K.L.:
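Got a structure for you, questions after.
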Amino acid sequence: MSANNVPNGNSPAPTTKNNHPNKLNGSSPSGPSIHDASTLSDVRAALAALHVRETAVTGRLTALLSSQADLSRELGRLDLLRANLGSQVIATRSISNGMLSSAADTAGRLSSRVKGLDLEKDRVQQTLKVVEQVAELKACVHGVVGSMGAPQDWEAAAGYISRASKVPEPIIRGGFAASMVPSVEVPDAPWTTLENAKESLCGLFLREFEKAAKEGDGAKVTRFFKLFPLIGRGDVGLDVYGRYVCQGVAGTARATLKTTPGDAGKRDGFFYANALTKLFEHIAQIVENHGGLVERHYGEGKMVKVIERLQMEADVQGGIVLDSWSDERGVDRKLTDAKSYPFSFLVQSFLPPQRTLTGTPRMNSPAVGGGTNARDSEDEGVDMKEVDGLLSEISIMLGRWSLYSRFLAGKCKNPDTPEDVLLSIPEVVTKSNLSRKISAKLTTPYNSLALFFFRRSVEKAFQLDESPTGLSLSLNKPIDANAPYIISAVDDVMYIVSAIIQKAMSTSQRDVTASVIPDVGRVLGSDFVGMVQRRMRDESYPQPVVQGGLPPENKIISFIVLINSLDVAKDYLARIITQQLGTSSEQPNGASRPNPLTSSFPFEHDVTFVTSALNTLNSTFSLKTSELISDALKVLFAAVIKQRLKPVLVEAFRDADYWRSEEELAEIAHQNDEDEDEIIDRVHRRFEHGWDTLMKPIARLMTPKTFTALVDLTATDLSKTLEKRVWSYGGKTSAYGAIRMERDFSGIVSTVARGNYSVRELFARVTQILMVANMEDDEWEELGGDNGDDAIEWVLNEDERRRARHLVKT
């Protein structure tokens, strides 16, 4: 019987694999499936398995049916218990309703009575309070009327009004007060009586205040000034007080401007600066001395209104001072002259050089035939002393304005502001007419005149420039001048730089430093550095007269002096900036030094801005001068050092016989009756003599930093030359000759690096070549041979080290 044929003749339905456990027995069928049977035995086995499963399922069903009776019995017991609990609930509710309802009613009645009592008590208290306030109001009203009568006790009247002002307005205007306060003596409503009293007292106080002000009675002025806030007229009191102090400010300012006959006082360079200073000091004194009185009687922050009134007067009086100063000093004319100044010397100095018939280089004037007369004619347009005096006077006035602004900023500062918060300029200053006039009459002219003064000073310094005399490249000639050897223009220009920056910083004005410091940097970079560069190129360039020869000595000296001038100028400016910034090493106790600019620039981010401007000036000038110095040193090396260094090397290595053995060298020394040590040290001694002859005259003329840079350039070129010479001996040198070579080259390196050990690093390739050439085989093997990269920090590659090992002939 086939598995595909069943008794009913129907083909089996397709089946799917079911991995879920059987829900009756809880396990998946473990016997053979009828669907997988292929033989009769398989079918029988599957049938037997089905019988087993049927028996198991039947047993489980029988067990479940037998337990149904127990379940029914338990459910019946639960129904009985539920019925009993229901009856208990009903009984409990009846007890609760019978016993607690009366207590709940009693508690509700008590709560209502307590609330009613509280309400009545509150109403009584409110009524008592109203009665007390009305009684106080009545006492104050009658007190005001009584004090203003025959006693004329104005302080008492003001005090009664002040007490009455504490009674709420609805009470004063209420019906109860209207019916209780009026009396036969005071029939009017209380609010009418108080308002009439305020108006009457205010007018009286004003008259008495103005009368005391005219009489100069300070005690009486203070007496009535304190009464205005008591009658609710604080604004009137502050206004009349402001007029009073402004009259004093105006009178003092007018008295200050009065001069002796002939205006001798106005010709004093600081007359107007002193007048503006006295104006600011007077206002500051008023604010400082009277601020406590105003704050105490009028309330905190009320002094700001007085300051605003004072500032309006300062706008008027300060404007008069500035207008008088501008007219007296002729500032507009000087500005016009300064802006139209041609700077002829500087302009013509940058034009192509003009050669005269005599060939004499121009020193005093850019034009042929120019001398002192030409310079004097240029100076007739603008008097530099007057400009310097103007700058000094403006800087003083701007400095006083800065102090005045800082003082007002502190007084107008919110008391709740933390102490570490930087000051901000108050609007009473920034929006004032005086602030705008300061900007137009002082700041703008100062910036323009400072730029002109500095550029004209640079021009004048180069017109009067002198180079040091008595300099020579011969060591036999002593030098009388003092080092460093620089042109006189450096000292003159840097003195002016220091004065200009110091004067600008003394103004404590961000707008001034934002203009002057960058202008100084531009003039230094274009005019000062440009003039030195032009002289290097046109007047002092070390160019040999004969092809292949050396430049004239005076050209070399002049070129060195200009290099020194740039280096010293860079150091001077760095010291000036450091002095202004106050930067230094940490204090001995380890605490960092506070920035000294904070006291001069207290507003917001001004310190950061000024510090950045000064550092930018220093870094920009240092970069320009360093680039020019670097280029000039390359020219000096190529034109002077390199040309004279070649003969020194030729002489040093003359008769250098590194191919000889030790015995041959000793035989030659014996034949020539010479000391063997002298022959061995011959190369080093010759080079040292030639090096000193070449470099010492230059070293005594140059600054230490520029000479060190020149030696670095020379050492870099010399190291390449020596490396080429070492390789040229490849395969021609004996073992003893290689030792001598290393000793000679080490002596040369020591001579060049004398006083500057870091120069030895430039000869690292030459040193390593000779070291590798003279190594014993066992030493070379210990270093790992050609691949010994970890033992020594090599500057030679593998091929070069292998080549160096074959330097000695085998």
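The residues of the chain are indexed from 1 along the displayed sequence. Given the structure is predicted, the values throughout are model-derived calculations rather than measurements.
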K.L.:
For a quick test of reading the model, state the closest non-hydrogen atom pair linking A773 to V808 and the distance between them.
P.N.:
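It is O-CG2, 4.0 Å.
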K.L.:
Run the side-chain contact (heavy atoms from CB on, under 4.5 Å) check on D799 and R802 step by step: do they pass?
P.N.:
CA-CA 5 Å; D799 293 336; R802 188 180 300 111; 3.0 Å; yes
K.L.:
State whether the side chain of N564 and the backbone N or O of L701 hold a donor-acceptor pair below 3.5 Å, judged by distance alone.
P.N.:
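Yes, the answer is positive, given that a donor and an acceptor are paired below the 3.5 Å cut-off.
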K.L.:
State whether the side chain of R686 and the backbone N or O of R654 hold a donor-acceptor pair below 3.5 Å, judged by distance alone.
P.N.:
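A pair under 3.5 Å: yes.
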K.L.:
Does the side chain of R740 come under 3.5 Å of the side chain of Y658 through a donor N or O and an acceptor N or O?
P.N.:
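No.
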K.L.:
Between R765 and E800, is a salt bridge (charged side-chain N to carboxylate O under 4.0 Å, His left out) present by the stated rule, with each step listed?
P.N.:
CA-CA 10 Å; R765 290 181 57 83; E800 289 171 338; 2.7 Å; yes
K.L.:
Check the pair D692 / R754 against salt bridge (charged side-chain N to carboxylate O under 4.0 Å, His left out), numbers first and verdict last.
P.N.:
CA-CA 11 Å; D692 291 342; R754 190 166 49 206; 2.5 Å; yes
K.L.:
Short question: side chain of E553, backbone of L473 - any donor-acceptor pair under 3.5 Å?
P.N.:
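Indeed, once roles are kept as given, a pair shorter than 3.5 Å links the two residues.
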K.L.:
Rounded at 0.5 Å granularity, tell me how far CZ in R534 sits from OG in S349.
P.N.:
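Nearest 0.5 Å value for the CZ-OG distance: 5.0 Å.
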K.L.:
Determine the sole option in I487, I557, L562, N554 for which the side-chain contact (heavy atoms from CB on, under 4.5 Å) test with S467 is passed.
P.N.:
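Going through the options one by one, the only one that passes is I487.
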K.L.:
Would you say the side-chain atoms of N774 pair up with the backbone N or O of I739, donor to acceptor, closer than 3.5 Å?
P.N.:
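Looks like yes, one N/O pair under 3.5 Å.
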K.L.:
For G525 and V529, which heavy atoms make the closest approach, and how far apart are they?
P.N.:
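Nearest heavy atoms, G525 then V529: O-CB, 3.5 Å.
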K.L.:
Is any side-chain heavy atom of V458 less than 4.5 Å from a side-chain heavy atom of F453?
P.N.:
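Side chain of V458 against side chain of F453, heavy atoms only: no contact under 4.5 Å found.
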K.L.:
Rounded to the nearest 0.5 Å, what's the gap from OG on S472 to CZ on R700? Could you check?
P.N.:
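If we round to the nearest 0.5 Å, S472:OG and R700:CZ are 6.0 Å apart.
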K.L.:
Any donor and acceptor pair, going by atom type alone, linking the side chain of S600 with main-chain N or O of S508 inside 3.5 Å?
P.N.:
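No, S600 side chain to S508 backbone: no donor-acceptor pair under 3.5 Å.
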K.L.:
Can you find a heavy atom in the side chain of P342 that is under 4.5 Å from one in the side chain of V347?
P.N.:
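No, every pair of side-chain atoms sits at 4.5 Å or beyond.
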K.L.:
Locate the shortest heavy-atom distance separating M695 from T714; write the atom from each residue and the value.
P.N.:
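Of all heavy-atom pairs spanning M695 and T714, the closest is CE-OG1, 4.5 Å.
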K.L.:
After noting the C-alpha distance and the side-chain angles of L649 and L718, does the key distance pass the side-chain contact (heavy atoms from CB on, under 4.5 Å) rule?
P.N.:
CA-CA 9 Å; L649 290 174; L718 181 60; 3.7 Å; yes
K.L.:
Step by step, work out the salt bridge (charged side-chain N to carboxylate O under 4.0 Å, His left out) result for K646 and D717.
P.N.:
CA-CA 11 Å; K646 291 180 180 179; D717 183 79; over 6 Å; no
K.L.:
Tell me if a side-chain donor or acceptor on T507 pairs with a main-chain N or O of K503 at a distance below 3.5 Å.
P.N.:
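Answer holds: no.
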K.L.:
Is a side-chain N or O of R805 found less than 3.5 angstrom from the main chain of V772, in a donor-acceptor match?
P.N.:
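Yes; at least one donor-acceptor contact below 3.5 Å.
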K.L.:
Any donor-acceptor pair under 3.5 Å linking the side chain of H684 with the backbone of D744?
P.N.:
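Absent.
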K.L.:
Please step through side-chain contact (heavy atoms from CB on, under 4.5 Å) for the pair V752 and F763, ending with a clear verdict.
P.N.:
CA-CA 10 Å; V752 176; F763 295 92; 4.1 Å; yes
K.L.:
Hey, mind stepping through R535 and D465 against salt bridge (charged side-chain N to carboxylate O under 4.0 Å, His left out) and telling me if it holds?
P.N.:
CA-CA 12 Å; R535 287 189 177 183; D465 181 42; 2.3 Å; yes
K.L.:
Do D712 and N756 have side chains that approach each other closer than 4.5 Å (heavy atoms only, starting at C-beta)?
P.N.:
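Answer yes - side chains close enough.
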K.L.:
Within 45° of the six-membered ring axis of F653 and under 6.0 Å from that ring's centre, is NZ or CZ of R725 located there?
P.N.:
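Verdict for F653: a cation-pi partner in R725.
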K.L.:
Measure across F601 and V607 and return the closest heavy-atom pair with its distance rounded to 0.1 Å.
P.N.:
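Taking F601 first and V607 second, the nearest heavy atoms are O-CG2, 2.9 Å.
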K.L.:
Which is it for S750 and R760 under the side-chain hydrogen bond (donor to acceptor under 3.5 Å, both in side chains) test, yes or no, and what are the steps along the way?
P.N.:
CA-CA 8 Å; S750 299; R760 292 179 176 273; 3.0 Å; yes
K.L.:
Just how far is it from atom CD1 of I641 to atom CG of L636, taken to the nearest 0.5 Å?
P.N.:
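I641 CD1 to L636 CG: 5.5 Å, rounded to 0.5 Å.
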K.L.:
In Å, rounded to the nearest 0.5 Å, how long is the span from CG of L710 to CD1 of I560?
P.N.:
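If we round to the nearest 0.5 Å, L710:CG and I560:CD1 are 8.0 Å apart.
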K.L.:
State whether F609 and R510 meet the cation-pi test: NZ (Lys) or CZ (Arg) under 6.0 Å from the six-membered ring centroid, and within 45° of the perpendicular axis.
P.N.:
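Output yes; distance and angle both within limits.
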K.L.:
Might you confirm whether atom OH of Y495 has over 12 heavy atoms from other residues, nucleotides or ligands at distances under 6.0 Å?
P.N.:
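Count not over threshold, so no.
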K.L.:
Do the side chains of L614 and I501 get nearer than 4.5 Å, heavy atoms only?
P.N.:
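With C-beta onward as the side chain, the pair touches.
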K.L.:
Looking at side-chain heavy atoms only, is the closest gap between V561 and P468 below 4.5 Å?
P.N.:
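A side-chain contact exists here, since the closest heavy-atom pair is under 4.5 Å.
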K.L.:
Should V493 and L524 count as side-chain neighbours, where that means a heavy-atom distance under 4.5 Å?
P.N.:
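Sidechains of L524 and V493: in contact.
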K.L.:
Just by distance, do the side chain of R801 and the backbone of L796 share a donor-acceptor pair under 3.5 Å?
P.N.:
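Checked: pair present.
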K.L.:
Verify whether the ring centers belonging to F345 and F350 lie closer than 6.0 Å.
P.N.:
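When the ring centroids of F345 and F350 are compared, they turn out to be at least 6.0 Å apart.
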K.L.:
Looking only at heavy atoms, which two atoms of M775 and E779 are closest? And how far apart?
P.N.:
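M775 and E779 have their closest heavy atoms at CA-OE1, 3.7 Å.
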K.L.:
In terms of ring plane angle, is the pair F343 and Y341 parallel, tilted or perpendicular, where the classes change at 30° and 60°?
P.N.:
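Plane angle over 60°, so perpendicular.
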K.L.:
Hey, does the side chain of S515 reach the backbone of V512 with a donor-acceptor pair shorter than 3.5 angstrom?
P.N.:
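Such a contact is absent between S515 side chain and V512 backbone.
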K.L.:
Can you tell me how far apart CG (D492) and CE (M494) are? Round to the nearest 0.5 Å.
P.N.:
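It is 11.0 Å, given to the nearest 0.5 Å.
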K.L.:
Show me the donor-acceptor pairs within less than 3.5 Å that the side chains of residues 626-633 make with the rest of the protein, sequence neighbours left out.
P.N.:
| unit_1 | atom_1 | unit_2 | atom_2 | d |
| --- | --- | --- | --- | --- |
| S626 | OG | K570 | NZ | 3.2 |
| S626 | OG | S622 | O | 2.6 |

K.L.:
In Å, rounded to the nearest 0.5 Å, how long is the span from CD1 of I556 to CG of L550?
P.N.:
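If we round to the nearest 0.5 Å, I556:CD1 and L550:CG are 6.5 Å apart.
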K.L.:
If you count every heavy atom of other residues, nucleotides or ligands that lies below 6.0 Å from Q543 atom CD, does the total exceed 12?
P.N.:
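Atom CD in Q543 is not crowded, with 12 or fewer foreign heavy atoms closer than 6.0 Å.
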K.L.:
Please evaluate residues E663 and Y736 with respect to the criterion side-chain contact (heavy atoms from CB on, under 4.5 Å), reporting the C-alpha separation (whole Å), side-chain torsions for both, the decisive distance (0.1 Å), and the verdict.
P.N.:
CA-CA 10 Å; E663 293 78 10; Y736 182 68; over 6 Å; no
K.L.:
Any side-chain heavy atom of D527 within less than 4.5 Å of one from F462?
P.N.:
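A side-chain contact under 4.5 Å is absent here.
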K.L.:
Is a donor from one side chain sitting under 3.5 angstrom from an acceptor on the other, for T706 and T703?
P.N.:
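There is such a pair (donor and acceptor under 3.5 Å, judged by atom type) between the side chains of T706 and T703.
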K.L.:
Is the ring pair F559/Y541 parallel, tilted or perpendicular, if the boundaries are 30 and 60 degrees?
P.N.:
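Perpendicular.
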K.L.:
Report the residues that fulfil salt bridge (charged side-chain N to carboxylate O under 4.0 Å, His left out) with D480, sequence neighbours left out, ordered by chain and then residue number.
P.N.:
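D480 satisfies salt bridge (charged side-chain N to carboxylate O under 4.0 Å, His left out) with no residue once adjacent residues are dropped.
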K.L.:
Could you tell me if the side chain of S746 sits less than 4.5 Å from the side chain of T767, heavy atoms only?
P.N.:
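No - every pair of side-chain heavy atoms lies 4.5 Å or more apart.
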K.L.:
Determine the minimum heavy-atom distance between T733 and A738, stating which atoms define it.
P.N.:
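It is CG2-N, 3.2 Å.
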